[in-house]
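What follows is a short report on a single structure.
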Amino acid sequence: MPTRKLEKIYAPHQVEARWGQFWIDQGYFRAKVDPSAQTYTIVIPPPNVTGSLHIGHALNNTLQDILIRWRRMQGQNTLWIPGTDHAGIATQNVVERQLVDEGTSREQLGREAFIDRVWAWKQQSGNTIIEQLKRLGASCDWTRLRFTMDEGLSTAVQEVFVRLYEEGLIYRGERLINWCPRCLTALSDIEVEHEQFNGKLYHVRYPLVDDPHTSLIVATTRPETMLGDTAVAVHPEDPRHNHLIGKRVQLPLTTRSIQIVGDSILVDREFGTGAVKITPAHDFNDFEAGERHHLLRIPILDHRAHLDPFALKFKSQVENSLLANLSGVSAPKARTIVVEELKARNFLVKTEDHKMALGKCYRCKTVVEPYLSPQWFVKIQPLADPAIEAVETGRIRIIPEGWANNYLGWMRGIKDWCISRQIWWGHRIPAWYCRSCQPDVFPTVKPDRIGLISHQANPIVARTSPGKCPKCSSGDIIQDPDVLDTWFSSALWPFSTLGWPEQTQDFKTFYPTSTLVTGGDILFFWVARMIMMGLKFTGEVPFRDVYIHAMVRDAEGQKMSKSKGNVIDPLTKMSQYGTDALRFTLASMASPGRDIKLAEERIEGYRNFTNKIWNAARFILMHADGRTEDTAIKDRPLGDRWILSRLNRVIRLVNKSLEEYRFDQAANQLYHFTWHAYCDWYLELIKPVLQSEDGDKSHGTRHIMLLSFETLLRLLHPFMPFVTEEIWQSLPHQGESLVIQPFPTPCEKWHAKDAEDAFNTLEQFVTTARTGRSLLEYPPSKNLTLYGSTTEPMERETLRKLHDHLEHLSRGTITLTDQDEWPVNHILRLVVGKTTVGLQVEGEVDLKKALGRLQKQIQAKQKEASRLESRLSSSDFTAKASPDVIQESETRLRSLSQELSLLSSSEYQLQGMV
RNA sequence: AGGCGGAUAGCUCAGUUGGGAGAGCGCUGCCCUUACAAGGCAGAGGUCGCAGGUUCAAACCCUGUUCCGCCUACCA
C-alpha cells in the first residue's frame with residue numbers, strides 16, 4: 001500500500017466519519033456464532049430511545065468500547081449488543097407536552113391513537129442516540145440492535161410476568177404506594193428522590209370526648225391530612241398518656257370522634273408531644289399502624305392530590321360549614337385553610353420550624369403522595385436471596401468493591417416492587433377481568449377516577465388474550481389498563497436481547513455475558529433487578545463482572561443539569577477537539593470510586609496529545625521509505641534496545657490495568673510513554689541515523705522504528721480508535737484495518753535492563769547539560785563546549801560509548817576526561833549522582849543564578865544525608881529494621897556523601913569565578 | 001439518623017505489602033532547532049484536613065474530630 005503525506009495538524013472530522021463507516025461496512029463489529037471461540041459479551045445499558053447523548057453516556061460507552069476493542073484485538077469472539085429502552089414515563093411526558101402544544105391531549109386522542117403517536121415519535125427521534133453512539137466510535141454489533149418493546153423482548157416480558165404470577169411471585173393488591181400527582185401514576189420506592197427542606201411542625205389539640213376540657217396534643221407536619229385521621233396513638237409505656245388508651249377524642253373540624261390506641265412501634269416518646277395522629281390512607285407508617293389496630297382508611301385526596309368532596313362529606317364528615325371551602329382544593333392550599341381554621345377555633349397550640357425530607361418524582365420533581373390504590377407487585381424476597389448469595393460468593397464481582405456493600409445492604413432490606421404504572425406507553429400487563437363474573441365490581445358506570453380497576457377484581461393472567469372468560473365463557477372481558485415499569489423489561493435485558501425465552505444460538509453462545517459497565521446511580525434500579533431476574537429465569541448470573549464507573553460532574557464538582565446550565569455536551573466537545581480526545585480524557589479520569597470533575601482544559605490537553613501522536617507519525621512517515629532490516633536485537637544500538645524494553649513494560653502494564661478495569665492507569669501510562677519516552681527521547685535518539693548520509697546504518701533503525709510505532713498504535717487503538725486507524729492506514733502495513741490486528745502482548749526478549757540503565761545515564765547527563773545551558777542563559781541554538789567525568793567505571797564506559805548521542809542531544813562538543821584534565825577556569829561544574837558535567841563559560845555571564853542553584857542543591861542533599869545519618873545511628877533502627885532497608889539506607893548515604901563532595905568542590909570552584 | 005466516599009502542588013488527581021512526596025493542566029524563563037508553537041528545553045511550587053495513638057519508621061495502619069459529596073431512611 002502506498003504511503004501518503006499527512007497534514008501538519010490532525011483534522012478529526014472527515015477521518016472519523018470515514019473510518020466509522022468503513023468499520024461498519026466491513027462488518028468488523030459483528031460477532032460470530034462460533035461456540036468454540038472464547039466469547040466476550042457486553043450488553044449496553046440501554047439509553048432512552050428518544051434521548052440524546054450526554055456526557056455520562058459518553059463515559060459509559062467509551063469504557064465499554066475500550067474493553068470490547070481490546071478483547072476483539074485479543075482474538076476473542078466479542079459481542080457488544082446495542083439498544084434502547086422505551087422509558088415509559090419520560091417518553092409519554094414528552095409526547096403529552098407535544099399534544100398540549102397542539103391543543104389536544106392523550107385523553108382526547110384515546111389510547112390507541114396515542115400509542116401510535118408515541119411510536120411515530122420514536123420513529124422520528126429514535127435513531128438520534130444510536131447515530132451519536134456511532135460517532136463516539138462505539139463498536140457495537142449494530143446488526144443486533146434491540147429495543148425493549150421489540151416483539152421478542154415483549155414476549156420475554158409476558159413470559160416472565162406470567163411465570164412469576166403463576167408461582168405467586170406477582171400479586172395484585174390495594175396498598176399505599178408512591179404516587180406522582182402530575183404523571184398520574186404509581187412509582188416504585190426507588191423512583192422517589194428524597195430532599196431535605198425546612199418545614200413546620202404543628203401541635204394540634206384533640207379534645208377528649210368524655211372530658212372536652214382535657215385534650216391530647218398531637219404533632220404533625222401535614223395538618224391537612226387530619227381530615228383522614230382514624231386514630232391517635234400514644235406509647236403504651238408513657239405515663240403522660242397511657243391512661244387515655246381506649247378513650248376517644250373529638251377530631252377537630254369534623255363531626256367524627258376517633259379512638260386512642262397504644263402503639264410502641266409508631267410512637268417515639270422523645271419526639272414532639274408523644275402523641276401521633278394516624279392517617280392510614282396517607283402515610284406509610286400510619287398504614288402499617290392501621291393494619292395493626294384494624295383501623296378504617298379514609299382517603300381524602302384524589303389522584304391529583306386535591307381534596308375529594310365526596311370523601312370529605314361522607315367519610316371524613318367534615319363540618320358542613322367547611323365543606324365548600326375545602327372541596328377540590330389542592331393539598332398545599334388545604335393546609336393553609338386547615339391551619340387557619342384550627343387557629344380560629346383555638347385548636348392550634350403552637351407551630352415550630354422543623355427539618356424534614358420530602359419525596360419527589362424522579363422524572364418531574366413533583367412532590368409525591370402516598371396513595372391508596374390497587375397495584376401489581378413483585379414479591380421480592382424469594383428473588384433477592386439468590387441475588388445476594390451470587391455477590392457474596394463472588395459469582396458476580398462488583399468493581400470497585402465498595403459498591404458490593406451498597407448492593408448487599410439494599411438487597412437485604414428490599415421491599416416488594418410496585419410494577420404497575422398508570423400510563424399507556426409500555427408493556428401492557430397481560431391480565432384480563434371478566435365483567436360478567438363480577439358485576440358488582442364492574443358497575444356499568446366507568447370505573448373510578450382514572451380507570452383503576454378495583455382490587456377485588458379477579459385477574460385472568462395469560463400470555464395472550466383469552467378472548468372469553470375461562471370460567472363463564474362470557475366475551476365481556478377487559479384488559480388491565482396498566483403497563484409495566486420500564487425497569488421490569490430492562491431487568492431482562494441481558495437475556496431478552498439474546499432471544500430468550502427461545503433457546504437461540506445467540507443465547508447459548510453469548511450468555512452469561514462477561515461485563516456490565518454502568519453508573520452507581522442505577523445499581524438498584526437496574527443491576528440488582530437484572531441479577532434477580534437472570535438467576536430466576538436462566539439459572540445463571542447475567543454477567544460475571546459489574547464495573548461501576550463514576551458520575552461526571554462539572555469542574556466545580558456540581559452535578560450537571562440543564563437548569564444549572566453547566567452541562568458539557570459531548571457532541572460539541574467531539575466537534576471541537578475530536579472524538580479521540582474526548583474519549584481519552586474520560587478514560588484517563590476514570591479513577592475507581594471517585595467522581596469525575598470534568599474541566600474543558602483537560603480535553604484540550606488530550607487534543608494536543610492526539611496531535612502529538614499525529615506529528616510523530618508524520619516524522620516516521622518522512623523516514624519510512626527505504627530498506628528495513630531485521631537484525632538480532634542484542635546487536636541493535638541503544639535507542640532501539642531501550643525503546644523495545646520500555647515498550648515491553650508498557651504493554652504489560654496496559655494489559656494488566658485493563659484486566660483490573662484501571663482505565664485511568666492504562667491511559668496515563670500510554671500518555672506518558674508516548675509523549676515522554678517515545679517522542680521526547682526515542683525519536684530524538686534515532687534522528688541522526690535516519691538523517692545521516694550513510695544510508696546503510698539506517699536499515700535496522702528504520703525497522704525498529706516502524707515496528708515500535710505500529711505496536712504503539714495497536715496499544716492506543718482501543719482508547720483512540722480514529723486517529724490510530726488513520727495513521728496505521730497511512731503507514732506501511734499489512735491487513736485491512738487496525739480494528740482486527742492483534743493487541744500487543746509482552747515480548748520478554750525485548751527486555752533489556754542494561755539498555756535502560758545506560759539510557760538513565762545518558763538522560764541524566766543530557767538533562768544536566770541542558771540545565772547548565774539554561775542557567776547560563778545560552779540560547780538553544782548555541783553549540784556548547786562540554787566536559788564530562790564520572791567516578792563510576794560502568795557509567796564512564798556508557799558515556800564513552802554514547803559520546804555521539806550526548807553531543808547530539810546536548811548540542812555541544814564533549815570531552816570525556818577526568819576533572820583534573822579540565823581547564824581550570826571558566827568552567828561551570830554541575831553534579832548529578834557520580835557524574836559531573838562541565839560547561840565552558842564564555843562572555844559576560846551572571847553566575848549568581850548557577851551558584852544559587854548549586855547551594856540549594858547542597859542544602860537539600862545535606863538535609864537528607866543528616867536524616868539518614870541519624871536514622872542509621874539509632875540503635876532501635878539497626879536492631880529492628882529489616883536488613884535490606886538498612887543496607888539501602890547505607891548505600892544511599894554513601895552516594896549522597898560522594899555527591900556532596902563533588903558539589904562542594906564545584907561550589908568552591910564557582911565561588912572563585914563570581 | 002445510618003452507611004459509604006473524599007480532603008496530597010494554584011486547579012484536577014495518582015500514590016498497589018508502611019522505609020527517598022508524583023503526574024497532567026496552569027505558572028515563570030529561554031527558544032519559530034527542517035515531526036509537532038496544539039510545540040521544544042529548563043524551572044518554581046507541598047507542615048499529605050486537624051488531634052492523638054501504634055511503630056525503629058506513617059500520606060499509607062488504628063482512634064477521635066472538622067469540612068465536603070453521595071446513597072439509604074418510617075422520627076410524626
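We name chains A, B, ... by the order of the sequence lines, and we start the count at 1 in each one. Owing to the predicted nature of the structure, the values given are computational and were not obtained by experimental measurement.
Each of B/C13, B/G40, B/G24 was ranked by its minimum atom distance to the side chain of A/Lys597; first place goes to B/C13. Minimum atom distance to the side chain of A/Arg892 is reached by B/G20, of the listed B/G24, B/G20, B/A35. Ranking B/C56, B/C41, B/U12 by closeness to the A/Asp680 side chain, first place goes to B/C41. Closest contact between the side chain of A/Thr771 and the listed nucleotides B/U33, B/G20, B/G43 involves B/G43. For A/Lys856, counting side-chain heavy atoms from C-beta on, the closest listed nucleotide (B/A76, B/C56, B/A44) is B/A44. The side chain of A/Trp675 has B/G40 as its nearest neighbour among B/G40, B/C36, B/A42. When distances run from any side-chain atom of A/Asp283 to the nucleotides B/A76, B/A44, B/C41, the shortest one goes to B/A76. Minimum atom distance to the side chain of A/Arg662 is reached by B/G15, of the listed B/G20, B/C56, B/G15. Listed nucleotides B/A76, B/G29, B/C13 differ in distance to A/Ser774; the shortest reach to its side chain belongs to B/G29. Of all nucleotides listed (B/A35, B/A42, B/C56), B/A35 comes nearest to the side chain of A/Cys679.
Across all strands, A/Met551 comes closer than 4.0 Å to no nucleic acid atom at all (heavy-atom distances). Residue A/Phe524 is in sugar-phosphate contact alone, with no base atom involved, counting any heavy-atom pair closer than 4.0 Å across all strands shown. Residue A/Lys849 is classed as having no contact, given no heavy-atom separation below 4.0 Å to the nucleic acid. Using a 4.0 Å heavy-atom distance criterion, A/Ser781 is classed as making no nucleic acid contact. Within 4.0 Å (heavy atoms only), A/Ser875 reaches no atom of the nucleic acid at all. Within 4.0 Å of A/Arg853, counting heavy atoms only, lie sugar-phosphate atoms of the nucleic acid but no base atom. Residue contacts shown for A/Arg811 are limited to sugar-phosphate atoms, with no base heavy atom under 4.0 Å away. Contact annotation for A/Lys277: no contact, since no heavy-atom pair falls under 4.0 Å across all strands. Residue A/His676 is classed as a sugar-phosphate contact, given heavy-atom separations below 4.0 Å to backbone atoms only. Residue A/His354 is classed as a sugar-phosphate contact, given heavy-atom separations below 4.0 Å to backbone atoms only. Counting non-hydrogen atoms under 4.0 angstrom, A/Asn405 reaches nothing in the nucleic acid. Among the atoms of the strands shown, base atoms are found under 4.0 Å from some heavy atom of A/Gly274. At the heavy-atom level, A/Phe284 lies nowhere under 4.0 Å from the strands shown. A/Ile278 comes within contact range of no nucleotide atom at all, as no heavy-atom separation falls under 4.0 Å.
When rounded to the nearest whole Å, the span between CG of A/Leu683 and C1' of B/C36 equals 11 Å. What separates CD of A/Glu869 from P of B/G20 is a distance of 16 Å, to the nearest Å. Across the protein-nucleic acid pair, A/Glu7 atom CD and B/A38 atom P stand 16 Å apart, rounded to whole Å. Computed from coordinates, the A/Ile886 CD1 to B/G20 C1' distance equals 16 Å when rounded to whole Å. With rounding to whole Å, A/Asn406 atom CG is found 10 Å from B/G5 atom P. Atom P of nucleotide B/A38 and atom CD1 of A/Ile9 are separated by 7 Å, given to the nearest angstrom. Distance, A/Glu684 CD to B/G40 P: 10 Å, rounded to whole Å. Whole-Å rounding puts the A/Asn285 CG to B/A1 C1' distance at 14 Å.
Distances shorter than 4.0 Å separate none of the side-chain N or O atoms of A/Trp410 from OP1 or OP2 on B/G2. Phosphate contact (OP1/OP2 of B/C74, side-chain N/O of A/Lys415, threshold under 4.0 Å): present. Side-chain N/O atoms of A/Ser591 include none lying less than 4.0 angstrom from OP1 or OP2 on B/C13.
With hydrogens and angles left out, the side chain of A/Arg770 and the base of B/A42 share no donor-acceptor pair within 3.5 Å. In this model, no side-chain donor or acceptor of A/Lys8 finds a partner on the base of B/C36 within 3.5 Å.
If you take atom C1' in B/G2 and the same atom in B/U47, they sit 35 Å apart, rounded to whole Å. On the C1' atoms, B/G46 is 14 Å away from B/G15, given to the nearest whole Å. When the C1' atom is used for both B/U63 and B/U72, the distance is 26 Å, rounded to whole Å. If you take atom P in B/C48 and the same atom in B/G20, they sit 15 Å apart, rounded to whole Å. For the C1' atom pair drawn from B/C11 and B/A51, the interatomic distance equals 28 Å after rounding to whole Å. Remark: the separation of the P atoms in B/G6 and B/C62 is 12 Å, to the nearest Å. Look at the C1' atom in both B/A7 and B/A59: the space between them is 12 Å, to the nearest Å. Across B/G45 and B/G22, the matching C1' atoms stand 13 Å from one another, rounded to whole Å.
If A/Phe525 and A/Arg269 are placed on RNA chain B by their nearest nucleotide, the residue sitting closer to the 5' end is A/Phe525. Nearer the 5' end of RNA chain B, as judged by each residue's closest nucleotide, is the contact made by A/Arg773, out of A/His194 and A/Arg773.
Aromatic pair A/His805/A/Phe765: ring centres not closer than 6.0 Å. Between A/Phe525 and A/Tyr362, the distance separating the two ring centers is shorter than 6.0 angstrom.
One finds no salt bridge joining A/Glu890 and A/Arg894 here, because no Lys/Arg side-chain nitrogen approaches an Asp/Glu carboxylate oxygen to under 4.0 Å. The pair A/Lys277-A/Asp229 meets the salt-bridge criterion, since a charged nitrogen lies less than 4.0 angstrom from a carboxylate oxygen. A salt bridge links A/Glu684 and A/Lys687; the closest N-O separation between the charged side-chain nitrogens and carboxylate oxygens is under 4.0 Å.
For the side-chain contact (heavy atoms from CB on, under 4.5 Å) with A/Val204, the lone residue among A/Val339, A/Leu342, A/Leu251 that qualifies is A/Leu342. Applying the salt bridge (Lys or Arg N to Asp or Glu O under 4.0 Å) test between A/Lys573 and each of A/Glu601, A/Glu604, A/Glu600 identifies A/Glu600 as the sole match.
In this structure, B/C67 forms a base pair with B/G6, meeting either the Watson-Crick or the G-U wobble geometry with both donor-acceptor distances under 3.5 Å. Of the nucleotides present, none pairs with B/G20 by Watson-Crick or G-U wobble criteria with both distances under 3.5 Å. Checking B/G29 for Watson-Crick or G-U wobble geometry (two distances, each under 3.5 Å) identifies B/C41 as its partner.
More than 12 heavy atoms of other residues, nucleotides or ligands shown are found within 6.0 angstrom of CD on A/Glu659. For CD of A/Glu842, the number of neighbouring non-hydrogen atoms (other residues, nucleotides, ligands) closer than 6.0 Å is greater than 12.
The aromatic rings of A/Trp675 and A/Tyr671 sit tilted, their planes meeting at an angle between 30° and 60°.
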